[in-house]
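Inspection log for the structure reproduced underneath, given as structure tokens.
Positions are given from 1, in the same order as the sequence printed here.
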Amino acid sequence: MEAEKTIAQDTRDNPKRNSKWMPVEVMQFMTHNSLSLYKKKGSHAPLDKLVAYEKSEKLNPYKKGVVFVSPCKADLAEGKGIVVTSYETLHEKVFELSHWTPNTYRGGTYYNFKKRHIKGHTRENLKQINVIGFDIDTKNVDLYALYLGCEELGLPRLNLLLETPRGFQAFFVLDTPFYINNNKEYKSLRVAERLSDNIRKALSKYVPVDTGCVPFGFYRIPREDNTLDFYDEPASTSQLLKWSKQYEEQNKRASLHVIYDKNAEAFDQTSSDWYHALIRATDIQKGHHGASRNNAILTLAIANYASGRPLEEAYDELDQFNSNLEQPLSKNEFERILKSAYSGKYKGAKRTYVEGLLELWTDGQAQFSGREGWYKFKKPREERVRSHYEEREEDILAYLETHTSPEMAFLEGSLKMLADTFGMAVSSLKEVLKRSNKIIKRSIGQGRAAVTKVASRSMLFKRLLLLRKKQIEQEQLTLAELLPELNMSIHTLDIPSLEAELLLHEVDLLYRSGASPPVRMTG
């Protein structure tokens, strides 16, 4: 549509903005054009384009939504922000803002317009879920492990990686959003939440993902200064759902290591410390995704059901809990939640939700407790005669992590010297380097005069990010430019497809401020 080129084109007319993509284009890509292109009042677009756009929108069967934005984290903590309905507004205010909701809501308003206390960013008011996002709340993290984790798990390439003051945020942009409605008690929303939960849980094995964060809440606004990587091919929603189902089935099989005695007494969750801490909380409020008063009552009710308590007993206790809340639920809503908890759909209180509630509404002293699966662990390393090659690889990677840096990514010496440094035989070192897909080896020269250089792919990835931050003038950088000068002998490795994309081919995604979104989003 010609009208939808305007915001991006007008942006590039600004001489101060010379990158190949603009923040508003990325936000347009992430939100699937679910906002209006122009402001309803006070637009700076030419009149003929406004008229043409309004005419085209009358034929559009899908209503536009809103997103919520906030100028800083302090304001966000106080519930202050702005309800935004157009990409034109986002473009005008993007450098004055820090946070936004990349998932679109049906509408929004204010508790207090003068103080900008926003209203409407609740779970039930979601219009569509456009992205699956998650937080990494530490800078002490191997980002390459995040990409490698996606590759090994069978997840698609991340679409956006942002740096935040305390860590990072990453996003999968769905090719088909989850459209939210109240059919079957918000089934599509529950499916999306389950997918988000599985992705965060799976990736937490590779990097410290915050598994308890609000899945569809506020995230950092993408800008040139905080975008480390941008990939403009959205993730297949159908493939992600297929992956999620397989992941749950694998986890279920992995947990079936112990057969419990059917006559054994069920674990009583209502006697746990976390249950008592939560039921004493009286200031639980609405509007917190996954940690609101609705979720608190549902969690407590499920604990009662899983512990075998009759519905009548649970009703009496939780009715008293609801009455003690500063903002209690209505009787109809309360009874609907209890009915859902006792429907048999849930087997027990979920750890992530319990921990989120405890963190937000209690003093944090109580911890979740519940029956966990049993797993068979390997014997301690010292009890085995010979270490596995995987452990040798881990030894080398650990040494490289502490003795190399993004500025000096390679460790060099003869094979004998390197083997002594790593505390292993030369033959073991050769075998590890042959098997490893996480270590790069280059040999310069031949025979006794040969010099071997080794580096971890993780450190090379950090070097890529370092050069990206320094805004080097090159638009393209290949792996050959990162490696030392080669001579006769080169040790080749089988490299997974993602690594090939990041390291062997041109990695211009990291050396320009991202890439242009798909044509359909801006043209």
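A salt bridge does not link R220 to E163: none of the charged side-chain nitrogens sits closer than 4.0 Å to a carboxylate oxygen. At a threshold of 4.0 Å, the pair E401-K462 counts as salt-bridged, since one of the basic side-chain nitrogens sits closer than that to a carboxylate oxygen. R157 has no carboxylate O lying under 4.0 Å from a charged side-chain N of E151, or vice versa, which leaves the two without a salt bridge.
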Practice task
Decide side-chain contact (heavy atoms from CB on, under 4.5 Å) for Y231 and L158; before the verdict, give the C-alpha distance in whole Å, the side-chain angles of both, and the deciding distance to 0.1 Å.
Solution key: CA-CA 7 Å; Y231 181 61; L158 286 167; over 6 Å; no
Problem - Derivation and outcome, side-chain contact (heavy atoms from CB on, under 4.5 Å), residues L203 and L146 - result: CA-CA 7 Å; L203 288 175; L146 173 61; 4.1 Å; yes
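Checked against E412 for a side-chain contact (heavy atoms from CB on, under 4.5 Å), the options V451, V454, I444, T452 give a single hit: V451.
For the residue pair S436 / E393, a side-chain donor-acceptor distance below 3.5 Å is found, with atom types taken as modelled. In this structure, a donor-acceptor pair under 3.5 Å is present between the side chains of Y206 and E152. Inspection of the S458 and S456 side chains reveals no N or O donor paired with an N or O acceptor under 3.5 Å. Residues S204 and R200 have side chains that never bring a donor and an acceptor to within less than 3.5 angstrom of each other. Side-chain contact, Y147 with D229: a donor N or O sits under 3.5 Å from an acceptor N or O. Side-chain contact annotation: N103 with Q128, donor-acceptor N/O pair under 3.5 Å absent. A donor and an acceptor atom, one from each side chain of T31 and N130, are nowhere located under 3.5 Å apart. Side-chain contact, T176 with T237: no donor N or O sits under 3.5 Å from an acceptor N or O. Side-chain contact check for D75 and S70: no donor-acceptor pair (N or O, by modelled atom type) lies under 3.5 Å.
At a threshold of 4.5 Å between non-hydrogen side-chain atoms, the residues P102 and V67 do not count as touching. Counting heavy atoms from C-beta outward, I129 and T104 have side chains that stay 4.5 Å or more apart. Put simply, the side chain of L460 reaches to within 4.5 Å of the side chain of F410, judged on heavy atoms. Annotation: side chain of V354 is not in contact with side chain of L278 (no heavy-atom distance under 4.5 Å).
Checking side-chain atoms of K139 against main-chain N and O of T164 turns up a donor-acceptor pair under 3.5 Å. In this structure, N159 contributes its side chain and E233 its backbone to a donor-acceptor pair below 3.5 Å. In this structure, the side chain of S272 engages the main chain of Q269 through a donor-acceptor pair within 3.5 Å.
In this structure, CD on E391 lies 13.0 Å from CG on L397, to the nearest 0.5 angstrom. Note that the CD atom of Q239 and the CG atom of L174 stand 13.0 Å from one another [nearest 0.5 Å]. With rounding to the nearest 0.5 angstrom, the OH atom of Y87 is 9.5 Å from the CE atom of M27. Atom CE of M424 is separated from atom CZ of R392 by 5.0 Å, given to the nearest 0.5 angstrom. With rounding to the nearest 0.5 Å, the separation of OG in S98 from CZ in R223 is 7.5 Å.
Here F230 and F29 bring their ring centres to under 6.0 angstrom of each other. Aromatic pair F68/H99: ring centres not closer than 6.0 Å.
Within 6.0 Å of the CZ atom in R190, the count of heavy atoms belonging to other residues, nucleotides or ligands exceeds 12.
Shown here are the side-chain hydrogen bond (donor to acceptor under 3.5 Å, both in side chains) partners of D135, two or more places apart in sequence or in another chain: Q169.
Between Y219 and F171, the ring planes lie perpendicular to each other; the angle is over 60°, past the 30° to 60° tilted range.
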